[in-house]
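This is a predicted model, so every value here is computed, not measured. In the text below, chain A, chain B and the rest are named by the order of the sequence lines, each starting its count at 1.
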Amino acid sequence: MTTIHDESEASARRFAARAVDDGLVDIAYTTLDTPIGPFLAAATARGLVRLAFRTEDSGEVLDDLAHRLSPRVLEAPTRLESVRRQLDEYFEGRRRQFDLTLDWSLTTGFRRRVLRTTARIPYGEVSTYGRVAARAGNGRAARAAGSALGSNPIPIVVPCHRVVRTGGNLGGYGGGLDVKEWLLRLEGALL
Amino acid sequence: MSVALPPFQRLLDTYAEDVYGFLHATVGATEADDCFQETFLAALRAYPRLQHGDNLRSWLLTIAHRKAIDAHRARGRRAVPVAEVPERPAKPPRDVDPELWSAVRVLPPKQRAAVAHRFVNDLPYRDIAVVMSCSEDAARQSVRAGLATLRERGLR
């Protein structure tokens, strides 16, 4: 026998699908499984706006999106199908470049320029904090570039893992240094 | 944005069952899903314009209450003169006696809604008043009248 609980869950699922169809969802999100743990992925009508490692609390990530962009946040995996597929291909080593539109609205100014510069570092290569800072318009702001990369709202796709310290030290990484190392090995930038 | 509204998904996760339970008790199993869809679509449309994030449960139940009234009116308009259609076997809200709930559904709309708010969702009279846009006394009165009717019929 179905219960009120089951029926209300079924109704809630139908509602979420309809809300997407009616264009009422400003931020769609889902959870993705990857070899480096689950990710929360969120997209606006403009494009992918956020990828969060499991090191971040997903409730807090969603709160932040609700406050900064729009509270019309719903779980809607269908809206993130191409993100899921391309990340799967990337982690299987079958994709070297992402073909996704990005929504940069969570960053501004120098930080955004640093991230846009970083987005152009090719697969399998690395750059340094100083070089990225210079390309973003301020060669002496290596430390600020590091902090911009630390707040990267779309890691992996904006490959901040490809930025290391001058001299080869890996520097830091929001998802953990072991993950940074794992990604650079996957891409063949580290042996 | 100045108002701290939680992500809408959290409202859905937290209150879907309250809204569904209320609708199930007031409009019945057949129309509960339609009213549920209407309620949450209306809520999602209006959500970003909400002035504060206090008591979102009452806000949702207020919308559900209006949708239930609309459904009741619509049913009146399309009333078809046939012998009584057997209702689908009632799936009782939570652990409530199904016989009781089919009796609740023949109460006048205001009493029915008040009884459902009070006993399906345990709303305090203060919140029932908000949800039904009436005074706390009127809410209390509707529940009392509804219960009296049920008692007359030997239920409750």
Side-chain angles (χ1 to χ4, degrees), chain A residues 1-32 40-45 49-50 52 56-80 105-106 108 153, chain B residues 1-25 27-53 56 60 64 67 88-96 98 101 116 120-121:
Chain A
M1 186 181 125
T2 59
T3 62
I4 286 290
H5 177 75
D6 299 336
E7 284 181 34
S8 78
E9 275 193 350
S11 285
R13 277 195 299 277
R14 275 194 289 277
F15 159 72
R18 228 176 116 182
V20 170
D21 290 346
D22 289 4
L24 292 173
V25 180
D26 294 334
I27 299 170
Y29 75 91
T30 190
T31 311
L32 309 172
L40 185 136
T44 65
V49 72
R50 191 78 167 87
E56 294 187 80
D57 179 272
S58 26
E60 283 173 21
V61 171
L62 294 173
D63 277 339
D64 182 60
L65 290 170
H67 297 163
R68 289 169 70 187
L69 301 177
S70 162
R72 297 209 289 202
V73 180
L74 269 189
E75 190 170 359
T78 49
R79 282 260 307 267
L80 290 134
S105 48
L106 292 174
T108 53
Chain B
M1 204 173 293
S2 52
V3 196
L5 295 170
F8 196 82
Q9 181 71 44
R10 201 167 300 146
L11 269 66
L12 187 63
D13 293 340
T14 315
Y15 303 121
E17 204 171 327
D18 290 347
V19 169
Y20 192 89
F22 164 72
L23 291 169
H24 189 282
V27 301
T30 333
E31 289 184 64
D33 179 58
D34 275 351
C35 284
F36 180 95
Q37 303 301 329
E38 302 263 327
T39 299
F40 274 97
L41 287 170
L44 183 56
R45 271 194 202 98
Y47 194 47
R49 297 190 304 273
L50 214 56
Q51 296 301 312
H52 58 78
L56 292 167
L60 281 170
K67 298 298 177 190
R88 258 167 61 185
K91 293 172 199 147
R94 295 166 198 181
D95 312 324
V96 190
W101 285 107
V120 177
N121 285 329

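- Interface residue B:L12: only side-chain heavy atoms are found under 4.5 Å from chain A.
- Put simply, OH on B:Y20 and CZ on A:F15 are 15.5 Å apart, with the number rounded to the nearest 0.5 Å.
- Note: A:T3 OG1 to B:E17 CD = 7.0 Å, rounded to the nearest 0.5 Å.
- Residue A:D26 holds its CG atom at 12.0 Å from OH of B:Y47, rounded to the nearest 0.5 Å.
- In terms of heavy atoms, A:R72 sits closest to B:R45 at NH1-O, 3.5 Å.
- Among A:L65, A:V25, A:I27, A:L74, the residue making the largest number of heavy-atom pairs under 4.5 Å with chain B is A:L74.
- For B:F36, the part lying under 4.5 angstrom from a heavy atom of chain A is the side chain only.
- Minimum interatomic distance between A:A66 and B:P6 (heavy atoms only, all atoms of both residues): CB-C, 4.3 Å.
- Minimum heavy-atom separation, B:P7 to A:D63: CD-OD1, 3.3 Å.
- B:D33 is listed as a side-chain neighbour of A:R14, based on a closest heavy-atom distance under 4.5 Å.
- Considering only heavy atoms from C-beta on, A:D22 stays 4.5 Å or farther from B:L44 through its side chain.
- To the nearest 0.5 angstrom, A:S8 atom OG is 15.0 Å from B:F22 atom CZ.
- In this structure, the separation between CG on B:D18 and CD1 on A:I4 is 11.5 Å, given to the nearest 0.5 Å.
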